[in-house]
Amino acid sequence: MSTPIRYSITSNDCAAHLFDVTLSVDVPAAEGQIFALPAWIPGSYMIREFARNIVKIRAESNGKKVALKKRDKHTWQAAPCAGALTLHYQVYAWDLSVRAAHLDQTHAFFNGTSVFLRVAGQEQSPHVVDIQRPPGEQYKRWRVATALPELKAKRYGFGSYIAGDYDELIDHPVELGEFSLASFNAHGVPHDIVITGNVPNLDLPRLSADLKKICEAQIAFFEPKSKRAPMSRYVFMTLAVGDGYGGLEHRASTALICARADLPVKGKSEITDGYRTYLGLCSHEYFHTWNVKRIKPAAFAPYDLNQEGYTSLLWLFEGFTSYYDDLFLVRSGVIDQTSYLSLLSKTINGVLRGSGRRKQSVAESSFDAWVKYYRQDENAPNAIVSYYTKGSLVALGLDLLIRTETRGRKSLDDVMLALWQRYGRKFYTRDGGLGVAEADVEALFEEVSGVALKRFFDRYIRGTDDLPLEDMLAPFAVQYTDQRKQQLPGLGIRVTRGAGGDHAKVVNLYEGGAGHQAGLSAGDLLVALDGIRIPSSGIEGLLARYREGDVVALHVFRRDELLQIKLKLKSDDAPQIKLEAVAKPVAALRKQQAWLGG
């Protein structure tokens, strides 16, 4: 067995948001050991330059200083030395997200990609990390939440943890602090729920019961006979804040951020929109345990964390996951069919709202994620399409098409199972697994389903056509209605509260809308409509008194200049698709039950 790479991490100054990290290498490279920090984190496709947060670094061997040379933006090389080599460095951690690291007096969170330098050439060695409690009485009640296997530490305790290699080390985020904790078993696998943040009257038993249903449904989906999960333990880690949303998948855990109002309240049994959204997020990240963490595109097998990893398949890995996340809410019985169709309507309306869907295919969106999807600007709705949302509609369309063409004998479920059996099951085993090659996807889908799919791929995956969902849903007893004619005039804009909260600020203008045609711009602050002050919440209430074709005077601040814009109102073209289950015919209802029931 090779000599382990050893880390320790703590903080001697939480108020300064600084992690203190020590890295020890027993046998450094004779020509001078190279160290590097990843430039991005798997699951979030953007170069983030984590090394910029290393504020100081030094090396020593046998008590003597060793020179370090910076080779590039995230790589250092130590001078040759005799004996073990130790690095001491500090990492600034003030990114309140699931992607990096955050530290203050209330809690600590880190992903390994932000804090653990890679030892070049020794990535396959075991990696041991000693997680130390910050000094001070105020941290006495802190605990450790992570899916990393314990070495000498007790569960939830400070001490040493171990990973089989560097890839495993950075695939287990860590939460430190005082947190609420609940556990449940899903088909024999222990699952933990960790909630950090002040959440009064949090109903953990209800959350445990709902997540148990979702997790068991997904485990049984991929392994219907054995109901065997691909991990021995799983941890849901959630930071509850005033307003937030996000998640990032890992092989045996997920890091989440949500609004505290989205979490269930003791004594209240209804499923609020916020709680339904949170459960959908949990379902999404849990489905990634199979789809993207183990069933991977070839470009990610293995990851190259020094540079972008280009793939045109994110519509399959993120889009299909976005389809199955809400589908498993209804299949598990957590929500009913009416709620599911409402969620599906929302997705359809979101995709149809932006004209970018006509300019970029989901395959192109996947490839350009690094420079477009993750770097969106004010023109994004008019320039790009989301491989998450349009990808989920692609999955829906494929599912309905395969079910229709095969008279219910096959579905997208069969395709996902084939992907799991051929690519995913072995990925983290000794035999290893292969990534899904882009050239093989269409043929695999056709082989498993028995349906010719080239036209579908050309039009809706490689092309930019809208899916004919109205026609596709009709055989499944779902009515597709466009209620756009009932809408009031609008400006075709999206707003948020501007700095100071006194004015509504234009964030996006939709191509062809009244605002775009009149010359409004992103960043404009809305002041008055026909001499009446526009509230900071937006202009919709004032527009209710107008009709299509009315000409109005709009006053806005652009930077520090007050402008008057004459604007002819148009009917707001925002999609208003509504999906409803219908009672007949009986054959269609049976198809609907097979689809939504699994």
Side-chain angles (χ1 to χ4, degrees), residues 186-187 213-230 280 283-296 313 315-335 337 340-341 343-344 347 388 391-425 427 436 440-453 456-457 460-461 467 469 472-473 475-478 581 587-598:
H187 291 309
K213 293 176 185 177
I214 295 166
C215 294
E216 288 192 336
Q218 292 192 18
I219 292 170
F221 172 75
F222 282 102
E223 295 289 353
K225 292 183 179 180
S226 68
K227 295 181 174 58
R228 183 175 62 247
S283 179
H284 182 99
E285 304 305 339
Y286 195 72
F287 195 83
H288 272 317
T289 306
W290 293 268
N291 193 35
V292 96
K293 295 311 300 182
R294 290 166 174 83
I295 310 168
K296 293 177 181 281
L313 295 179
W315 58 268
L316 167 57
F317 293 94
E318 293 292 354
F320 279 33
T321 301
S322 296
Y323 171 60
Y324 277 104
D325 55 17
D326 287 340
L327 191 57
F328 270 104
L329 296 188
V330 68
R331 285 185 175 180
S332 64
V334 172
I335 65 172
Q337 294 181 0
Y340 174 71
L341 293 178
L343 290 171
L344 192 53
T347 300
Y388 284 89
S392 72
L393 298 186
V394 165
L396 169 66
L398 277 168
D399 199 3
L400 299 178
L401 176 63
I402 293 170
R403 289 174 184 274
T404 299
E405 292 293 316
T406 64
R407 298 183 180 180
R409 292 189 297 272
K410 295 287 184 178
S411 72
L412 192 65
D413 296 355
D414 295 289
V415 176
M416 290 306 306
L417 288 176
L419 287 168
W420 170 242
Q421 292 162 2
R422 299 183 192 187
Y423 294 96
R425 269 182 179 164
F427 201 86
V436 182
D440 296 340
V441 170
E442 184 178 333
L444 183 146
F445 277 44
E446 291 188 335
E447 174 200 338
V448 174
S449 68
V451 177
L453 295 172
F456 187 99
F457 272 70
Y460 310 120
I461 296 174
L467 288 123
L469 293 178
M472 288 180 144
L473 286 163
F476 295 84
V478 176
L589 285 171
R590 289 184 183 138
K591 293 178 183 178
Q592 182 191 107
Q593 182 55 43
W595 163 41
L596 299 182

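When a residue number appears, it is its place in the shown sequence, counting from 1.
Here CD of Q218 is found 7.5 Å from OG1 of T289. Values are rounded to the nearest 0.5 Å. Between M472 atom CE and T404 atom OG1 the span is 7.5 Å, to the nearest 0.5 Å. Here K410 contributes atom NZ and L401 contributes atom CG; the two are 15.0 Å apart, rounded to the nearest 0.5 Å. Remark: L327 CG to I335 CD1 distance equals 9.0 Å, nearest 0.5 Å. Here the straight-line distance linking atom CG of L343 with atom OG1 of T347 works out to 7.0 Å at 0.5 Å rounding. To the nearest 0.5 Å, the span separating CD on Q337 from CG on L596 amounts to 5.0 Å.
Between L419 and F317 there is no side-chain heavy-atom pair separated by less than 4.5 Å. Using a 4.5 Å heavy-atom cutoff, the side chains of V292 and T321 are not in contact. In this structure, the side chains of W595 and V478 come closer than 4.5 Å at one or more pairs of heavy atoms. A heavy-atom distance below 4.5 Å is not found between the side chains of I295 and F320. When side chains are defined from C-beta on, E216 does not count as touching K227, because their heavy atoms never get closer than 4.5 Å. L398 has its side chain out of reach of Y460: every pair of non-hydrogen atoms, C-beta onward, lies at least 4.5 Å apart. Here the side chains of Y323 and F328 are not in contact, with every heavy-atom distance at 4.5 Å or above. In this structure, W290 and P230 have side chains that are in contact, with non-hydrogen atoms separated by less than 4.5 Å.
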Run the numbers on F427 and K293 for side chain to side chain contact (heavy atoms under 4.5 Å, CB included), then give the verdict. CA-CA 9 Å; F427 201 86; K293 295 311 300 182; over 6 Å; no
Could you give me the CA-CA distance, side-chain angles and deciding distance for D326 and L344, then say whether side chain to side chain contact (heavy atoms under 4.5 Å, CB included) is met? CA-CA 8 Å; D326 287 340; L344 192 53; over 6 Å; no
For Y423 and R294, what are the C-alpha separation, side-chain angles and deciding distance, and is it a side chain to side chain contact (heavy atoms under 4.5 Å, CB included)? CA-CA 7 Å; Y423 294 96; R294 290 166 174 83; over 6 Å; no
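Taking both residues in full, the closest heavy atoms of A581 and L341 are given as N-CD1, 3.5 Å, listed atom of the first, atom of the second, then distance. In terms of heavy atoms, I402 sits closest to V451 at CA-CG2, 4.4 Å. For L467 against G397, the heavy-atom pair with the smallest separation is CD2-CA, 4.1 Å. Residues T406 and S449 approach most closely at CG2-O, 3.5 Å, considering heavy atoms. Here the shortest heavy-atom pairing between F456 and V394 reads CZ-O, 3.7 Å. When all heavy atoms of D325 and S283 are compared, the pair lying nearest together is O-OG, 2.8 Å.
The closest donor-acceptor contact from the side chain of E446 to the backbone of A452 lies at 3.5 Å or more, if one exists at all. The closest donor-acceptor contact from the side chain of E318 to the backbone of Y388 lies at 3.5 Å or more, if one exists at all. Looking at N291, its side chain does come within 3.5 Å of a backbone N or O of L316 through a donor-acceptor pair. Checked by atom type and distance alone, the side chain of D414 pairs as donor or acceptor with a backbone atom of S411 at under 3.5 Å.
Y324 and D413 form a side-chain donor-acceptor contact under 3.5 Å, judged by distance and modelled atom types alone.
Residues E223 and R425 are paired through a salt bridge, judged by an N-O separation under 4.0 Å between the basic side chain and the carboxylate. R422 and E447 are joined by a salt bridge, as a carboxylate oxygen and a charged side-chain nitrogen come within less than 4.0 angstrom of each other.
The aromatic rings of F222 and F287 sit tilted, their planes meeting at an angle between 30° and 60°.
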